[in-house]
2 protein chains.
Amino acid sequence: MPFEFVRGLIGGSNLMVTIHDVAKSSGFSITTVSIVLNDAPLARYIPLETKNRIKKIAKTLGYRPNVFARSLRSKRSNTVGVIVFDITDPYCTHILRGIELSLYQSSYISIFADAQNDRARFERYLEMLLDRRVEGLITLANSLLLDLDILAVLEKRNVPMVLIGRELKSLAMSAVIIDNAAGARAALEHLYTLGHRHIGFIRGPKMLADSRERWKGVRSFAHDAGLVLDPKMIVDLTDLYDPTSAFEGGYKLTQELLRRERPFTAIHAFDDMTAFGAIRALGKSKLKVPDDYSVIGFDDVAPAALYAPPLTTIRQPMETMGAMGVGILLDAITASRESRTFSPVQRKVAPELLVRESTKALAQP
Amino acid sequence: MPFEFVRGLIGGSNLMVTIHDVAKSSGFSITTVSIVLNDAPLARYIPLETKNRIKKIAKTLGYRPNVFARSLRSKRSNTVGVIVFDITDPYCTHILRGIELSLYQSSYISIFADAQNDRARFERYLEMLLDRRVEGLITLANSLLLDLDILAVLEKRNVPMVLIGRELKSLAMSAVIIDNAAGARAALEHLYTLGHRHIGFIRGPKMLADSRERWKGVRSFAHDAGLVLDPKMIVDLTDLYDPTSAFEGGYKLTQELLRRERPFTAIHAFDDMTAFGAIRALGKSKLKVPDDYSVIGFDDVAPAALYAPPLTTIRQPMETMGAMGVGILLDAITASRESRTFSPVQRKVAPELLVRESTKALAQP
DNA sequence: TCCCGAAGTTCGATTTAAATG
DNA sequence: GCATTTAAATCGAACTTCGGG
C-alpha cells in the first residue's frame, strides 16, 4: 500500500510529521535530513544552502523528532533520574529547584520520582527509571531508603549516580553534603557570643550521620571555648524520623528539659523543625523567645523566615547543592560515555549562620 | 555477522536482555514470547505450560522490555505529564502527593515539570512533555501561565487535560477546584460565632478568580448575618503574586489596618501566608494572637499547624484534589483511546474549617 | 474450524558503508 | 581522492498474516 495513502487515512489526531515527510518535502533523502538536523560529523560536507533548505522546511512543517525512535536507535535517552525521599519536605523542594535550574541549560531533561519515605516505592521507582534508561541518577535519600543492594544494581548497570544531602562512608560514591560539624559549631558559637553559658541541646536521631557530625561540631567548640556541657541538658530525638516527628520531638524534649529544672537560657536544636517544636513548647509554658530563651535551628527551611519569631538558623545552600550535584553527574556521564573512569567526587558545602530574631544577647545579670 | 558474535562483543555495560534472548532461551519465537508476556488476545490459544515456561525464563533472564521500542511500535507511552507552577510552594507539593498516590496504582507513570512561575519555562516543558508523547496532562497552574493559545495546542494534539486549583470559565475543560465561597464564608462565620463584629479583611489579588469567589462568600455571610462590612477595613494584596509576597503583603496591610485606628478584633486573611504575615505584624506591635486579635487563614499549608500560634484556617483537601484530578484524567484518556467523546468534568471540593489556636472567643465586655 | 506457532512487516529515527560526478 | 548524497542495516518490540496439525 502506498505510503501517502496510509498517511492520508490516519489523519485527524495522528498527524505527526516524521523525518520522512521532511525528506520528501525537501527533495533530499532521510539520511541527509538526519545528518543536517543533528549536525552530525558528516554535516560539514553538506553545503550551507542545502542545510538551510532542510532546516527551514523542518521548521515550517513543525517537525519534531520522535524521542522513542531516536532513543531506540541511538541508545541514549538524554534523561537523568531524580529520586527524592519526600517531596512534601521543604528541604527536598529547594534542592530540586537547584537541580532543575542547572539541568535546564543542559541538553538533559529529568524524570522525577517521590519515594515518600517508603522503601518499596523507592525500589519500584528506581526500576522504572532504569527501564527508561536514565543516563544518570541523583538521589536525595535518607538512610531508610538507601543501602548497598540498591547501589550494586546501579553499579552493574553502569549508571552514574550522585547523592545529595548524605554521604556513604562505606562506599566510594559521589556526594554533595553540608559541613554539619562547621554548622553546628557556628550555631553554638553564636549562642556563646551572645553570652549564653547554660544551653540545652536537642540532638538528632542517633541513626543519622548528620546527628553525629553536628555533635562533633558542638563538642569541638565547647572544648575550644572551655564551655562545659551538662549531660543532663542533652536530649536525643528518636530514630523514627520524619518532618512532623521532629516538630513533636522538639516539643516534647523541650518540655522534658524544662522539667529538669536546671537553669538554662538557650536551646541548640538539631534542625529547624525541632526548633519550631521547641519554640511552641516554650510558648505553651508562657516562656518567650527570644526574651526568656534563645533558640537556634539548622537548615533554613522555607517557614523559618516567616516564623514568629523568625528563626535564627544555619542555612544550607540548597539550590547550590542541587546545582553541584548536577555538575558532578554530568561530568560522570560524559566520562562514562567516553569510557573513561571517573573517580567519585565528594563535595562538602559550607553552611552559613543566619541571625534572625529567635536569639538574643543574654541580659547582663 | 552472526548475532551471537555481535552480542558477545558488546558485553560489559550493554548487556540488556531482549525479547530475542528470551525467544532463543525458551525455544519459542519472538512472536510467541511477545504474545505471552503481554497477555495479548491471542494468548488464550497458547497452552499454559508454554506460557509458564516463557514467563519463567523471562524472569530468570531478568528480561525487561525496552520502553522505547514498545512505545515506538504501540504508539502508547503509558505516561502522563504533570506541570506545577512552583514546586517550592507547599500548596503544590501536597497536591502532587495526591497525584502520585493514585497514579501509583495505575499502569501510568508521570513525568513532572516545574514551571517556576515562568511562562517560557512552562511552554518549554509543555513542548517537552508533548515530545514524550504524554497521553494526558495535569496542570497546577496560576493565571500567569495559562492562556488559550497553550490550551489550543493540547486540543489540536488531542491530549486530555485537567486543571487543578483553578477553573477557566471561558473554556470547557476538566477541573478540580475548591469551593472558595463556601470556605471564606465558613471562616467568617467562625469569627462571627466567636463574637467578633469588627473585622479586618485582607483580600487576595484582584487578578485571581479565587479572590473574587472568596469575597463573594464573605459578602454572602455578612448579608445573611446582618454584619456590616466597613470599607475602611478592607485591603487588597497586590497583583504580583508569589508565596513570599503574600507574607509581606499580609505584614504590610496589617500595619496599614492598624494605622487606620478603627477598633477591630480579628483578621480574615486571604490565605495562610497572608495570615502569617498578619500575625508577624501584630507581634511586632506587641499585640498578641489570639488574646488581642484572632486571625484566620485559608489553605492549611504545612507550616500552618506548626506556627506559633497554630493557625486556624480553612483546609483545602489537597491530596484528595490531586487524586480526583488523576481519576478524571484517566477517564478522559480511556475515552480518547476508545474514540469516545468525553465531556469535561468540573468538580468543586468542599473545604473544611480547622480550628486551632489563632482564633479565640471575644471576651465579654 | 479450532488451536498453536512463526515469518515478516512496521514504528521513526541513527548510522554505516558506498555510490555518484 | 574529494565533496555530496543516499541505500540499506539496525535498534527492540508489536502486530498482521499465514501455515500446518
Side-chain angles (χ1 to χ4, degrees), chain A residues 1-3 5-7 9-10 14-24 26-54 58 61-78 131-133, chain B residues 1-3 5-7 9-10 14-24 26-54 58 61-78 131-133:
Chain A
M1 210 184 297
F3 180 76
F5 181 65
V6 175
R7 187 149 279 272
L9 267 189
I10 296 171
N14 237 6
L15 38 71
M16 295 278 75
V17 6
T18 73
I19 198 172
H20 195 121
D21 301 323
V22 178
K24 271 208 15 179
S26 66
F28 291 98
S29 71
I30 289 179
T31 311
T32 307
V33 173
S34 174
I35 289 169
V36 169
L37 261 23
N38 291 303
D39 204 22
L42 278 177
R44 72 199 149 101
Y45 295 129
I46 296 179
L48 198 61
E49 203 195 335
T50 305
K51 289 188 191 173
N52 288 338
R53 259 249 297 290
I54 291 178
L61 254 42
Y63 168 67
R64 309 238 80 208
N66 181 312
V67 292
F68 300 128
R70 189 208 284 272
S71 291
L72 175 59
R73 178 63 233 233
S74 68
K75 299 202 176 303
R76 294 202 40 198
S77 64
N78 295 301
D131 278 352
R132 306 237 147 201
R133 301 292 194 278
Chain B
M1 209 185 293
F3 179 77
F5 181 65
V6 174
R7 188 149 280 270
L9 266 189
I10 295 172
N14 236 6
L15 38 71
M16 294 278 77
V17 6
T18 74
I19 198 172
H20 195 121
D21 302 322
V22 178
K24 267 203 23 172
S26 66
F28 291 97
S29 73
I30 290 180
T31 313
T32 307
V33 173
S34 173
I35 289 171
V36 169
L37 261 24
N38 291 302
D39 202 25
L42 280 177
R44 71 199 146 100
Y45 296 131
I46 296 179
L48 197 61
E49 204 194 334
T50 306
K51 288 187 192 174
N52 288 338
R53 259 251 297 290
I54 290 178
L61 255 42
Y63 168 67
R64 309 239 81 209
N66 181 312
V67 291
F68 300 129
R70 188 208 284 272
S71 290
L72 175 59
R73 179 65 237 238
S74 68
K75 297 198 176 307
R76 292 203 40 196
S77 64
N78 296 300
D131 278 351
R132 307 236 146 200
R133 301 292 194 276

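Every chain is numbered from 1 and lettered A, B, ... according to where its sequence line falls, protein lines coming before strand lines.
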Q. Among D:dT5, C:dA6, C:dG5, which is the nearest nucleotide to the side chain of A:P47?
A. D:dT5
(Q) So, under a plain 3.5 Å distance rule, would you say the side chain of A:T18 forms a donor-acceptor pair with the base of C:dA13? (A) no
Q) B:F28 or B:R133: which one's nearest nucleotide on DNA chain C is closer to the 5' end? A) B:F28
(Q) So if I take every side-chain heavy atom of A:K75 and compare against D:dT4, D:dC11, C:dG5, which nucleotide ends up nearest? (A) D:dC11
Q.
So A:R44, base contact, sugar-phosphate only, or nothing? Heavy-atom distance under 4.0 Å.
A. nothing
Q.
Could you work out, with side chain to side chain donor-acceptor pair (under 3.5 Å) as the rule, every residue matching B:S29, not counting sequence neighbours?
A. B:T32
Q: To the nearest Å, give me how far apart CE (A:M16) and P (C:dG12) are.
A: 10 Å
Q.
For A:S26, give me all partners under side chain to side chain donor-acceptor pair (under 3.5 Å), at least two apart in sequence or on another chain.
A. none
Q) Is the shortest heavy-atom distance from the side chain of A:N38 to the side chain of A:R70 under 4.5 Å? A) yes
Q. Does some side-chain heavy atom of A:M16 sit less than 4.5 Å from a side-chain heavy atom of B:R133?
A. yes
Q | For atom CZ of B:R70 and atom C1' of D:dC15, their distance in whole Å | A | 14 Å
Q) Any side-chain heavy atom of B:I30 sitting closer than 4.5 Å to one from B:V33? A) no
Q: Could you tell me which residues satisfy side chain to side chain donor-acceptor pair (under 3.5 Å) with B:N78, sequence neighbours excluded, listed by chain and number?
A: B:R76
Q. Whole Å only: how far is the CZ atom of B:R73 from the P atom of C:dT9?
A. 13 Å
(Q) Over all strands shown, is B:F68 touching base, sugar-phosphate only, or nothing at heavy-atom distances under 4.0 angstrom? (A) nothing
Q: Check every atom of D:dT4, D:dT6, C:dA13 against the side chain of A:P65 and return the nucleotide holding the closest atom.
A: C:dA13
Q: Starting from P on C:dG12, measure out to CG on B:L72 and report it in whole angstrom.
A: 7 Å
Q: Could you please name the option among D:dT5, C:dA13, D:dT6 that lies closest to any side-chain atom of A:T31?
A: D:dT6
Q. Within the structure shown, what part of the strands sits under 4.0 Å from B:I30 by heavy-atom distance: base, sugar-phosphate, or nothing?
A. nothing
Q: Report the residues that fulfil side chain to side chain contact (heavy atoms under 4.5 Å, CB included) with A:A43, sequence neighbours left out, ordered by chain and then residue number.
A: A:I35, A:D39, A:K51
Q: Would you please confirm or rule out a distance under 4.0 Å between OP1 or OP2 of D:dG12 and any side-chain N or O of B:Y63?
A: no
Q | Separation of atom CZ in A:R76 from atom C1' in C:dT15, rounded to whole Å | A | 15 Å
Q. For DNA chain D, which residues in residues 32-41 of chain B have a heavy atom at a distance below 4.0 Å?
A. B:S34, B:N38
Q: Would you kindly give the CD1-to-P distance between B:I19 and D:dC15, to the nearest whole Å?
A: 11 Å
Q) Quick one: B:H20 NE2 to D:dT10 P, roughly how many Å, whole number? A) 12 Å
Q. Below 4.5 Å, heavy atoms only, C-beta onward: do A:Y63 and A:L37 meet side chain to side chain?
A. yes
**Q.** Between CG on residue A:N66 and CG on residue B:L72, distance to nearest 0.5 Å
**A.** 5.5 Å
(Q) Heavy atoms only, 4.0 Å cut-off, all strands: where does A:S71 land among base, sugar-phosphate and nothing? (A) nothing
Q. What's the CD1-C1' distance between A:I46 and D:dC2, to the nearest Å?
A. 15 Å
Taking only nitrogen or oxygen atoms into account, show me every contact under 3.5 Å that the protein makes with nucleotides 19-21 of chain D, one pair per line with its distance.
none

Q.
Using modelled atom types and a 3.5 Å cut-off, is there a donor and acceptor pairing between side-chain atoms of B:D21 and backbone atoms of B:T18?
A. yes
(Q) For D:dT4 and A:T50 - does any side-chain N or O of the residue sit under 4.0 Å from the phosphate oxygens OP1/OP2? (A) no
